[in-house]
2 protein chains.
Amino acid sequence: MTVTIIDVAREANVSPSTVSRVIADNPRISEQTKRRVREVMERLEYHPNFQARNLASKSTKTIGVIMAHSTTLAFQNPFFPEVIRGICSRAHASMYGIYLSTGGTEDEIFEEVVSMVQGRKVDGIILLYSRVNDRTMNYLKETRFPFTMVGRPYQFDDEITYVDNDNKKIAHDMVDYLYQRGHRQIAFIGGDLNFVVSTDRLEGYRQALIDAELPNSDDYFIQDQAFKEKGNKSIHELMQLAAPPTAIVAHDDLVAYEIVRYLEELSIRVPADISIVSFNNHALSAYVSPPLTSLDISIFDLGFEATKFLLEKVQNTEAPVVHHLVETNLIERESCKNIG
Amino acid sequence: MTVTIIDVAREANVSPSTVSRVIADNPRISEQTKRRVREVMERLEYHPNFQARNLASKSTKTIGVIMAHSTTLAFQNPFFPEVIRGICSRAHASMYGIYLSTGGTEDEIFEEVVSMVQGRKVDGIILLYSRVNDRTMNYLKETRFPFTMVGRPYQFDDEITYVDNDNKKIAHDMVDYLYQRGHRQIAFIGGDLNFVVSTDRLEGYRQALIDAELPNSDDYFIQDQAFKEKGNKSIHELMQLAAPPTAIVAHDDLVAYEIVRYLEELSIRVPADISIVSFNNHALSAYVSPPLTSLDISIFDLGFEATKFLLEKVQNTEAPVVHHLVETNLIERESCKNIG
DNA sequence: CTGAAAGCGCTTACAG
DNA sequence: CTGAAAGCGCTTACAG
């Protein structure tokens, strides 16, 4: 039924080995036989069997992509399609395919990664998140399996290749940006502190307050979980402080949209009464009301570069550890007001 | 280095065949030996080699997911993560993995599908789109390779299993909804007519106008391409008609957001001056201003069901052709006004 | 209930 | 420049 290397060999009057070498474009085969064999391959509509190739050559030409546990960052968030687009773009250029993790819970994801690694399903893995004390990451590190991360690892920094934004710095810059526009009471609505991206941004925010000698009360910081559970209440409380903030930094545009809505309920207008700035610059942030000032974090590049460095590792086990920071770009729209 | 079935066999004092049967949980093996073999597998940290298994058993336990050519529907659109979530959920339940297409252009995608099929990379394929005269779909149909589609195929309806919304009906219903609220001049901003979803919705819209004996001028229909190229101009023209619409149906929420913005530029308020309703109900549609009345099309279910039917096909070549319509649900928010 | 043997479709030293 | 042979790590009739 299926045409194999043997059929091609017979038809072209060469050995299977030669056909195999033609497929790999081995330079030791004469152009003449190459041409002849290729002709036969075309005529018989021969396509190499992926599985057989992988088994014999001990490589798979595919990379595994692991998303964070789905209730958190991954879904409903435009980050995902965009980072995948970056990954696919780079992978495709090197003829690599993408194998996607499908697990729901953290344990399922871990099991899937183990079976990807042990079962030789993929040549390398990209972790699309960085979590504090992540079992999956520790496993990959210990087995010395090629992997890269989108996001700075919590520890073992010097052993792990990753791609990230400079989250501490961009959060610091964001506060400075507000400071320059006259803001002195600056609140921060953070992300899930189990993810390093969230702790980094929080740290950058805090450091910026210290550096600018601004009030640094815990009242100005709202945790992800508190916000998720009772967002309107927490915003309510925030605005009822003796010195309510004049500006809010949100961990993500989705969070910013929600804040705007809760403020609306309180008849507080953005940016007239309070300014909001945010990170990640979703495609829709130009369309919300008011259009959101947000930091573009180059999601495509995060995926692209993570893949690039992974492929280097796959092709060369001795490839050096790389920490690559991707550029960001503040998109100023209408959610922030100068009160200087 | 890697521990194989042979190592396990030796250690457990059985033959490799027996180990293989234990892996497959073959009922002909005694519970006692199963237990013994499993113990050894655990102790040696044995994991079956995926490639070898696939090669020998001629199945891959993975399904290929093909997105539309990326400039069009697929990216920046929350449809993608959500449909993937549905696919992963169902696939994971049957221990299937996901192989994602990475191609950029239509030709690249086609080549990738051919190599997935011929190279036996996957057991079946899900097409995440339905396009008019699609080479990839024709290829799958002709090779009789198991596949399902998210979206009604352009032709060969009776040979192809697909999952879809009833796009003609929901577009018809949308017009009826506006009609009941007093609207008589109803415009439609459509999607890319190369996709069946767009032609179906357009047809439903047109039929509804006819059924309700409403004005059915071409001036009330704006094509996707015209809108993309000069959206503000086309909305401008629309509103300067002798009888401008009192309501607009948008093909997608993203389009609706853009329309709202262009209307704003013209100082036309939604819903005070004009109503807007839309399809797909993105997660953010609650946050835009005004919150958008939109039809939830159950994206997760589309992915889930497409996968379910695909797996049935994979497991049974004789599985009947199925056309499954997924429920929709109108989410009423504040972009539509009753002018009756 | 279990084993010996052939085979899945390739790749890759080794030999010439 | 090309071929014969072994091997990648499994599965699966077949035989007992």
Side-chain angles (χ1 to χ4, degrees), chain A residues 1-38 40-41 44-62 95 97 115-123, chain B residues 1-38 40-41 44-62 95 97 115-123:
Chain A
M1 185 63 221
T2 39
V3 16
T4 74
I5 216 170
I6 310 258
D7 303 316
V8 176
R10 191 186 308 122
E11 199 75 9
N13 280 315
V14 292
S15 73
S17 333
T18 300
V19 176
S20 174
R21 290 193 184 101
V22 173
I23 294 170
D25 202 14
N26 187 315
R28 292 189 314 195
I29 303 292
S30 74
E31 279 307 318
Q32 198 187 337
T33 34
K34 274 188 186 171
R35 218 173 302 124
R36 184 153 43 97
V37 170
R38 283 190 183 128
V40 174
M41 296 200 309
L44 301 188
E45 294 184 34
Y46 168 78
H47 284 262
N49 181 305
F50 192 63
Q51 316 289 350
R53 250 189 128 166
N54 291 345
L55 181 58
S57 69
K58 289 173 165 283
S59 93
T60 66
K61 285 278 181 181
T62 106
M95 314 271 274
S115 94
M116 278 190 196
V117 170
Q118 300 290 344
R120 310 285 148 181
K121 287 188 196 181
V122 298
D123 293 343
Chain B
M1 184 66 221
T2 37
V3 16
T4 75
I5 216 171
I6 309 259
D7 304 315
V8 176
R10 191 186 308 123
E11 198 76 8
N13 281 316
V14 292
S15 73
S17 331
T18 300
V19 177
S20 174
R21 291 196 183 98
V22 173
I23 295 170
D25 203 15
N26 187 316
R28 294 190 313 192
I29 303 291
S30 75
E31 278 308 319
Q32 196 186 340
T33 36
K34 274 188 188 173
R35 219 173 302 126
R36 184 153 43 96
V37 171
R38 281 188 185 130
V40 174
M41 296 200 307
L44 301 187
E45 294 184 33
Y46 168 78
H47 284 263
N49 181 305
F50 191 63
Q51 316 290 347
R53 249 192 128 164
N54 291 344
L55 182 59
S57 68
K58 289 171 165 288
S59 92
T60 65
K61 285 276 180 185
T62 106
M95 313 270 276
S115 93
M116 279 189 194
V117 170
Q118 300 289 344
R120 310 285 148 181
K121 287 188 196 180
V122 299
D123 293 344

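Each chain gets a letter, A, B and so on, in the order its sequence line appears, and its residues count up from 1. Bear in mind that the values here come from a model prediction, so they are computed numbers and not experimental data.
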Identify, residue by residue, the members of residues 44-57 of chain B with a heavy atom below 4.0 Å from DNA chain D, and return them in order of residue number, or none.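 Contacts with DNA chain D under 4.0 Å: B/Y46, B/H47, B/P48, B/N49, B/A52, B/R53, B/A56, B/S57.
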
In chain order, what residues pass the salt bridge (Lys or Arg N to Asp or Glu O under 4.0 Å) check against A/R38, with sequence neighbours excluded?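 Partners of A/R38 by the salt bridge (Lys or Arg N to Asp or Glu O under 4.0 Å) criterion, ordered by chain and then number, come out as A/D25.
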
For a 4.5 angstrom cut-off between non-hydrogen side-chain atoms, does A/R36 reach A/V22?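 In short, these two side chains do not touch, never coming nearer than 4.5 Å.
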
Are the side chains of B/I23 and B/M41 in contact, using a 4.5 Å heavy-atom criterion? yes

If you walk 5' to 3' along DNA chain C, what is the first nucleotide with an atom under 4.0 Å of a heavy atom in chain A, and what is the last?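 Both ends considered, the range comes out as C/dG9 to C/dC14.
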
The criterion is side-chain hydrogen bond (donor to acceptor under 3.5 Å, both in side chains); which residues satisfy it with [X], sequence neighbours excluded?
X	result
A/T60	A/D123
B/S30	B/T33
B/S20	none

Would you name the heavy atoms of B/P16 and B/A9 that are closest together and state the gap between them? N-CB, 3.6 Å

I'd like to know whether A/K121 forms a side chain to side chain contact (heavy atoms under 4.5 Å, CB included) with B/T62, so could you lay out the CA-CA distance, the side-chain angles of the two residues, the decisive distance to 0.1 Å, and finally the verdict. CA-CA 11 Å; A/K121 287 188 196 181; B/T62 106; over 6 Å; no

Using side-chain contact (heavy atoms from CB on, under 4.5 Å) as the criterion, list what pairs up with [X], not counting sequence neighbours.
X	value
B/S15	B/S17, B/T18
A/E31	A/K34, A/R35
A/A56	none

Residue pairs fulfilling salt bridge (Lys or Arg N to Asp or Glu O under 4.0 Å) with at least one residue in residues 5-22 of chain B, sequence neighbours excluded: B/D7-B/R10, B/E11-B/R43

Under 4.0 Å from any atom of DNA chain C, heavy atoms only: list the residues of residues 16-25 of chain A that qualify, in numerical order.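 Going residue by residue through residues 16-25 of chain A, the ones with a heavy atom under 4.0 Å of DNA chain C turn out to be A/S17, A/S20, A/R21.
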
Reading DNA chain D 5' to 3', how would its secondary structure be written in dot-bracket notation, given Watson-Crick and G-U pairs with both distances under 3.5 Å, brackets [ ] for crossing pairs and | for partners on other strands? |||.||||||||.|||

